[in-house]
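Report on the structure given below.
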Amino acid sequence: MLLSKYLLPTLKEIPREAEIPSHQLMIRSGIMRQLASGIYEWLPLGLRVLHKVENIIREEMDSIGAQEVSLPAIQPRELWEESGRWDFYGKELIRLKDRNRRDFCLGPTHEEVITDLVRREVRSYKELPLLLYQFQTKFRDEIRPRFGVIRAREFYMKDAYSFDATDKNAETSYNNVFETYSRIFQRCGLKFRSVEAQTGAIGGAFSHEFMVIADTGEEIIASCKCGYAANLEKAEGVPPAKVGGKAGKRSGLKELEEVETKNMKTVEKIGKFLKEKPDKFIKTLVYKTDGEPAIVMIRGDHEVNESKVKSYLGVNEIFLADEKTIEEVTGAPLGFAGPVGLKVKCKLLADYSVEGIVNGVTGANKKDYHLKNVNINRDYKVDEVLDLRRAKEGDVCPKCGKTLEFSRGIEVGHTFKLGTKYSKTLRATFLDKDGKEKYFVMGCYGIGVSRIVAAAIEQGHDQNGIIWPLPIAPFQVLILPVNYEHEKIRTISNRIYEQLESAGYEVLMDDRDERAGVKFKDADLIGIPIRVTVGEKTLAKNIVEVKLRGEKEVREVEPDQVQKLIPELTKK
RNA sequence: CGGGGCGUGGCUCAGUUUGGUUUAGAGCACUGGCUUUGGGAGCCAGGGGUCGUCGGUUCGAAUCCGACCGCCCCGACCA
């Protein structure tokens with residue numbers, strides 16, 4: 001490809017809207033442009049990278065017998081009503097009507113469509129296992145699009161779905177895909193790790209996320225040397241014994257006592273006043289869960305992990321209640337809630353950390369008063385004691401007890417073991433060996449293809465630009481004639497270009513009538529792994545320079561040796 | 001949706017506080033010409049703007065007021 005004819009609008013300056021390196025560089029290097037918030041155009045250079053990633057995924061999926069399909073992006077409401085997700089998916093689902101006012105949505109994911117297809121076309125256990133996948137543009141009306149293509153409203157994804165006859169077989173399929181995913185990310189040249197994750201809106205039994213390690217990542221990973229790793233949402237709380245012991249055999253219980261705490265609402269202030277440490281406090285939070293109030297209690301020095309509460313209650317929406325609701329439930333303004341003497345009956349959930357508190361402090365459900373010496377099972381009862389807290393720095397690993405480490409990552413892949421969640425609601429069955437009708441056992445698997453491109457840049461760049469891993473680089477070689485008007489330089493450059501092209505390499509030649517400085521800057525910016533510089537000075541010694549984008553070293557070789565050197569450099 | 005910020009040629013921004021010397025500017029980019037040619041060149045000549053939109057205040061609005069739209073950042077959603 002000749003650069004003079006290539007649509008590669010590079011930018012010298014950092015676009016105002018871009019915050020993180022990958023976003024800035026994707027725009028500056030002419031990979032993409034923004035059309036609207038969270039909606040991007042892929043330019044020729046970017047599309048090449050996207051296709052590279054896509055092809056690696058395709059090869060690996062095909063290698064485990066997965067079959068590629070292509071499903072509609074536009075999907076009828078009825079199917080989503082059937083699965084119950086027309087409502088459940090909420091505002092993120094982009095809805096539209098056709099000319100007959102029939103409702104449709106733009107697919108944010110394809111469980112419904114694929115399950116529908118399989119229930120219509122697959123009848124027998126003999127056709128199982130079945131693993132189908134596709135590449136598709138997904139639509140999710142994200143609450144807040146962010147970081148360029150990392151959190152976009154329209155994005156490119158590979159999704160796969162497995163159908164098995166038994167749970168055991170489904171697990172085999174799951175593990176198969178899991179391992180394939182590891183190979184894919186490895187081949188893309190990414191530093192990544194897999195972690196246990198929440199199942200979220202997709203639902204199902206359990207799931208793993210694949211995280212690309214990056215400081216700018218949105219996800220926080222809690223990991224341990226023993227191999228345990230989970231995202232923060234999922235990271236298990238420390239077992240009860242480690243956060244203050246179980247309820248039960250406890251001694252030294254003191255009389256319940258009411259104390260005036262005028263204008264003191266925070267754990268910090270009251271703690272100072274009563275000379276009690278935060279770990280004596282039973283923080284009592286009123287939540288609204290799908291419209292219903294619910295109370296969550298946690299020790300004063302911990303934070304509630306709302307997604308755990310959400311997944312335990314099986315609700316769609318959860319947020320801290322407004323002051324009005326708090327007054328209705330507790331009979332007191334914000335800041336004085338406690339489990340003793342609530343006005344309205346609602347679900348009372350306690351984190352493990354609450355169970356061990358002896359003679360604790362809570363709000364009195366009365367303006368300007370708190371209670372001292374509050375004790376579980378004596379002064380109040382809870383519906384459930386479970387793990388509801390957010391893991392934090394200093395926590396120990398739930399598997400081995402060593403201290404957890406925290407790092408950041410970008411989620412590029414997610415695998416779910418769905419079980420029969422969708423096959424049941426959509427009544428997708430097959431006839432088993434024994435002649436009985438059974439539900440398919442499903443799994444679903446996603447890779448954010450466009451997100452991988454951003455993640456790779458997040459991991460591979462310096463102050464001058466992108467440093468692509470070779471397997472997903474848009475071109476392998478960039479030829480940089482220092483002055484293309486110079487006859488000898490042009491002749492040699494053209495020759496190398498033709499040699500490499502005919503040897504099957506993807507070569508970009510900067511044949512523009514630009515000054516050398518401009519060409520070098522652009523070369524660094526777009527980050528092609530191998531740069532061949534052809535200049536007058538070195539040519540006088542019958543030499544051209546070969547340099548890797550990620551290294552300092554410059555190799556000097558005779559022009560005709562380039563075609564021998566490139567295969568060596570691209571080998572690994 | 002709540003909180004904060006921004007919107008002026010293709011890009012990055014000045015000008016807005018305190019309305020009138022601004023006939024709306026700068027640098028980069030773009031077009032033509034000359035010179036230059038190993039890390040974002042120089043000179044000359046050009047093209048390109050409803051100052052986000054609509055309405056209001058005023059003799060006069062990029063500048064003041066109101067509404068709306070768009071974009072970004074912080075939080076609740078997720079590949």
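Only this structure's heavy atoms are used, side chains among them; waters, hydrogens and symmetry mates stay out. In the text below, chain A, chain B and the rest are named by the order of the sequence lines, each starting its count at 1.
The base of G38(B) is not paired with the side chain of Asn483(A) by any donor and acceptor separated by under 3.5 Å. Remark: the Arg16(A) side chain and the C72(B) base include no donor-acceptor N/O pair separated by less than 3.5 Å. Side-chain atoms of Thr533(A) stay outside donor-acceptor range of the base of G38(B), with no qualifying N/O pair under 3.5 Å. Donor-acceptor pairing under 3.5 Å, judged by distance alone, is absent between the side chain of Gln34(A) and the base of C72(B). For Glu13(A) and G40(B), a side-chain-to-base donor-acceptor distance below 3.5 Å is absent, hydrogens and geometry of angles not being considered.
Arg144(A) comes within 4.0 angstrom of a base, heavy atoms only. Within the 4.0 angstrom heavy-atom criterion, no nucleotide atom of any strand lies near Tyr181(A). Using a 4.0 Å heavy-atom criterion, one finds that Pro15(A) contacts the sugar-phosphate atoms exclusively. When heavy atoms are screened at a 4.0 angstrom cut-off, Arg28(A) is found touching base atoms of the nucleic acid.
Applying the 5.5 angstrom centroid cut-off and the 30 degree plane-angle cut-off, the aromatic ring of Phe155(A) is stacked upon the base of A79(B).
Glu303(A) and Lys283(A) are joined by a salt bridge, as a carboxylate oxygen and a charged side-chain nitrogen come within less than 4.0 angstrom of each other. Under a 4.0 Å N-O distance rule, the pair Arg58(A)/Glu68(A) qualifies as a salt bridge.
Using N1 to N3 plus N6-O4 or O6-N4 for Watson-Crick, or N1-O2 and O6-N3 for G-U wobble, each under 3.5 Å, G7(B) pairs with C69(B). Using the Watson-Crick or G-U wobble rule with both distances under 3.5 Å, A24(B) pairs with nothing in any strand shown. Pairing for G32(B) goes to C44(B), judged as Watson-Crick or G-U wobble with the two contacts each under 3.5 Å. If you check G38(B) for Watson-Crick or wobble pairing at under 3.5 angstrom, you find it has no partner at all.
Side-chain rings of Phe178(A) and Phe210(A) approach one another, their centers coming within less than 6.0 Å.
Side-chain nitrogen and oxygen atoms of Ser37(A) include none within less than 4.0 Å of the OP1 or OP2 phosphate oxygen of G70(B). In this model, the phosphate group of A41(B) is approached by a side-chain N or O of Arg515(A) to a distance below 4.0 Å at OP1 or OP2.
With rounding to whole Å, Ile526(A) atom CD1 is found 18 Å from G40(B) atom P.
Looking at the side chain of Glu19(A), the nearest of the listed nucleotides G38(B), G40(B), C73(B) is C73(B).
Using cut-offs of 30° and 60° for the angle between ring planes, the Tyr181(A) and Tyr445(A) rings count as perpendicular.
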**OP:** Tell me, with the steps shown, if Phe475(A) and Ile530(A) meet side chain to side chain contact (heavy atoms under 4.5 Å, CB included).
**Re:** CA-CA 9 Å; Phe475(A) 293 89; Ile530(A) 301 167; over 6 Å; no
